[in-house]
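Before any comments, here is the structure.
Note on naming: letters A, B, ... go to the chains in the order of the sequence lines (proteins, then strands), and numbering restarts at 1 for each one.
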Protein chains: 2
Amino acid sequence: MQNGLDDSLLFPSRLLEELDWSQCSAQFKPAISATAPGDNLILRPLQASDYDTGFLQILGQLTSVGDVSREMFQSRFDSMKACKDTYYILVLEDICTSQVIGAASLIVEQKFIHSAAMRGRVEDVVVSKDYRGKQLGKLLVQTLTLLAKHVGCYKVTLECSDDNIKFYNNFGYEKSAENYMVARFKD
Amino acid sequence: MQNGLDDSLLFPSRLLEELDWSQCSAQFKPAISATAPGDNLILRPLQASDYDTGFLQILGQLTSVGDVSREMFQSRFDSMKACKDTYYILVLEDICTSQVIGAASLIVEQKFIHSAAMRGRVEDVVVSKDYRGKQLGKLLVQTLTLLAKHVGCYKVTLECSDDNIKFYNNFGYEKSAENYMVARFKD
């Protein structure tokens with residue numbers, strides 16, 4: 001497992017160790033947490049070497065990933081990392097196979113409003129079909145929600161389908177009266 | 001007016017000159033544009049000196065701004081600017097008074113999905129009460145929407161109340177079937 005100072009990590013893994021799991025609002029039965037996600041699993045920051053561990057293939061279970069070369073991956077990883085305190089991409093790894101089996105992103109936006117506050121956004125939550133029913137989606141969202149609070153966000157938001165509203169209620173998310181509006185330039 | 005190389009600007013002002021206004025989907029009567037926003041008005045990137053030109057006071061017409069000292073403002077400005085190709089905050093200035101009378105933000109998020117794409121988010125659109133009825137809100141949103149496309153976003157999104165859905169339809173935004181969910185840690 002990587003230590004908190006490993007330069008190849010997208011963000012310091014000590015942030016995951018520092019989370020106050022007693023503030024966890026979802027129920028986990030059996031109990032799992034960011035630092036103990038289940039047998040043979042670790043939850044850790046994305047790292048540059050995840051080009052070879054199935055991270056993009058897992059995202060492909062969520063949406064179209066398209067062609068991302070090793071160079072594009074490294075370049076995107078580097079530019080995310082260069083945006084300080086902004087990109088927090090979590091991956092779940094099965095240590096038996098050394099493959100990524102789940103992922104989720106927190107993106108932090110800096111504001112001038114609310115005393116120069118920060119707000120978080122949860123994006124691209126996915127767990128491999130083969131690993132569902134192990135509370136791992138719940139673990140990813142709970143971890144990112146606590147992480148958003150830990151890094152100083154005043155709120156964290158996401159978009160979800162009607163079917164998933166109850167799931168996200170578990171972590172303190174409520175449906176807003178505001179509408180989510182999208183303009184697309186490409187599919 | 002600042003030139004495109006002025007280091008005190010949050011982003012290069014040439015980006016506004018490069019917008020293809022023929023792709024504008026909203027109707028402006030009389031015709032105004034990013035480079036010709038109306039008599040005695042200029043549309044430009046936020047700059048560090050806007051601490052003294054009423055930018056925060058304009059945001060205060062939108063929501064709570066709280067206490068933001070000059071040092072906090074400069075620090076937030078610098079950290080936004082250090083996140084390359086991410087923060088595009090527009091301001092409208094009345095050149096007669098040298099005061100900011102409107103503002104709007106585009107935030108660009110880097111992704112791995114969709115061939116390492118980028119997506120935009122429009123946030124914090126506000127026009128001073130004294131300058132409404134001059135198509136300036138429309139100008140801000142149209143400009144940021146064209147800018148999102150120009151800088152390479154595959155889509156741009158925002159959240160709005162029911163009352164504003166029709167307004168945003170003008171620029172190609174459609175209400176998504178997805179719900180906007182919010183978890184708050186502070187008011």
Side-chain angles (χ1 to χ4, degrees), chain A residues 55-56 59 62-68 72-73 75-76 79-80 82-87 89 105 107 109-117 121 123-124 145 148-149 153-162 164-165 168 171-187, chain B residues 55-56 59 62-68 72-73 75-76 79-80 82-87 89 105 107 109-117 121 123-124 145 148-149 153-162 164-165 168 171-187:
Chain A
F55 168 66
L56 294 175
L59 289 182
L62 184 70
T63 188
S64 154
V65 175
D67 290 328
V68 178
M72 284 166 73
F73 183 87
S75 163
R76 179 50 35 101
S79 60
M80 284 180 174
C83 278
K84 199 166 167 282
D85 303 335
T86 301
Y87 291 94
I89 303 181
S105 302
I107 298 98
E109 179 192 327
Q110 304 175 51
K111 311 286 265 184
F112 283 104
I113 59 172
H114 302 303
S115 306
R121 302 200 188 250
E123 288 274 317
D124 304 335
T145 306
K149 186 172 184 184
C153 293
Y154 80 103
K155 71 176 180 183
V156 58
T157 68
L158 55 85
E159 297 93 39
C160 75
S161 64
D162 291 346
N164 284 326
I165 291 178
Y168 285 110
F171 316 97
Y173 295 86
E174 299 292 339
K175 179 169 155 54
S176 165
E178 287 198 299
N179 303 285
Y180 176 55
M181 306 286 287
V182 181
R184 281 180 197 280
F185 306 126
K186 297 179 203 165
D187 284 332
Chain B
F55 169 66
L56 295 175
L59 289 182
L62 184 71
T63 188
S64 154
V65 174
D67 290 327
V68 178
M72 284 167 72
F73 183 87
S75 164
R76 177 52 35 105
S79 59
M80 285 180 174
C83 279
K84 201 165 166 281
D85 304 335
T86 302
Y87 291 94
I89 304 181
S105 302
I107 298 99
E109 178 192 327
Q110 303 175 52
K111 311 285 264 183
F112 284 103
I113 59 172
H114 302 305
S115 306
R121 304 203 187 249
E123 289 274 316
D124 303 335
T145 306
K149 187 172 184 184
C153 293
Y154 79 102
K155 72 177 180 184
V156 58
T157 68
L158 55 85
E159 296 93 40
C160 75
S161 64
D162 290 346
N164 284 326
I165 290 178
Y168 286 109
F171 315 98
Y173 296 86
E174 298 293 338
K175 179 169 155 54
S176 166
E178 288 197 298
N179 302 284
Y180 177 55
M181 306 286 290
V182 181
R184 280 181 197 278
F185 306 125
K186 299 179 202 168
D187 285 332

Which heavy-atom pair separates [X] from [Y] by the least distance, and what is that distance?
{"X": "B/Ser176", "Y": "A/Val182", "result": "CB-CG2, 4.0 Å"}
{"X": "B/Tyr180", "Y": "A/Lys155", "result": "OH-NZ, 4.0 Å"}
{"X": "A/Met72", "Y": "B/Ser115", "result": "CE-O, 3.5 Å"}
{"X": "B/Met181", "Y": "A/Cys160", "result": "CG-SG, 3.6 Å"}

Open item on the list: Is any side-chain heavy atom of A/His114 closer than 4.5 Å to one of B/Lys186?
Closed with: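 No, too far: nothing below the 4.5 Å cut-off.
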Give, as side chain, backbone, both or neither, the part of [X] having an atom under 4.5 angstrom from any heavy atom of chain B.
{"X": "A/Ile165", "value": "both"}
{"X": "A/Asn164", "value": "neither"}
{"X": "A/Asp67", "value": "backbone"}
{"X": "A/Lys84", "value": "backbone"}
{"X": "A/Ser161", "value": "backbone"}
{"X": "A/Val68", "value": "side chain"}
{"X": "A/Thr145", "value": "both"}

Against chain A, label [X] side chain, backbone, both or neither, depending on which of its atoms sit under 4.5 Å from a heavy atom there.
{"X": "B/Ser75", "value": "neither"}
{"X": "B/Ala116", "value": "both"}
{"X": "B/Ala148", "value": "both"}
{"X": "B/Lys175", "value": "both"}
{"X": "B/Thr86", "value": "side chain"}
{"X": "B/Leu158", "value": "both"}

Task: ring-ring contact (aromatic ring centres under 6.0 Å, His included) partners of B/Phe112, counting only residues at least two apart - done: A/Phe55, A/Phe73
Task: Flag, side chain of A/Arg184 to backbone of B/Gly172, donor-acceptor distance under 3.5 Å - done: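 The answer is no, because no donor-acceptor pair under 3.5 Å joins these two groups.
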Open item on the list: Is it the case that the side chains of B/Gln110 and A/Ser79 hold a donor-acceptor pair, with the cut-off being a distance below 3.5 Å and no angle test?
Closed with: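 Yes.
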Task: For chain B, the option from A/Leu62, A/Thr63, A/Asp85 that forms the most heavy-atom pairs under 4.5 Å - done: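 Most heavy-atom pairs within the cutoff with chain B belong to A/Thr63.
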Task: Option that, when pairs with chain B are counted at under 4.5 Å, heavy atom only, ranks first among A/Arg76, A/Glu178, A/Glu109 - done: A/Arg76
Task: Choice from B/Val65, B/Asn179, B/Ile89 maximising heavy atom contacts with chain A below 4.5 Å - done: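 Among the listed options, the one with the most contacts to chain A is B/Asn179.
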TODO: Look up atom CG in A/Leu56 and atom CD1 in B/Ile113, then write down how far apart they are to the nearest 0.5 Å.
DONE: 11.0 Å
Task: Residue pair B/Glu159, A/Glu159: steps toward the side chain to side chain contact (heavy atoms under 4.5 Å, CB included) verdict - done: CA-CA 10 Å; B/Glu159 296 93 40; A/Glu159 297 93 39; 4.2 Å; yes
Open item on the list: Assess whether a salt bridge exists between A/Glu123 and B/Lys111, defined as any Lys/Arg side-chain N lying under 4.0 Å from an Asp/Glu carboxylate O.
Closed with: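 Salt bridge: yes.
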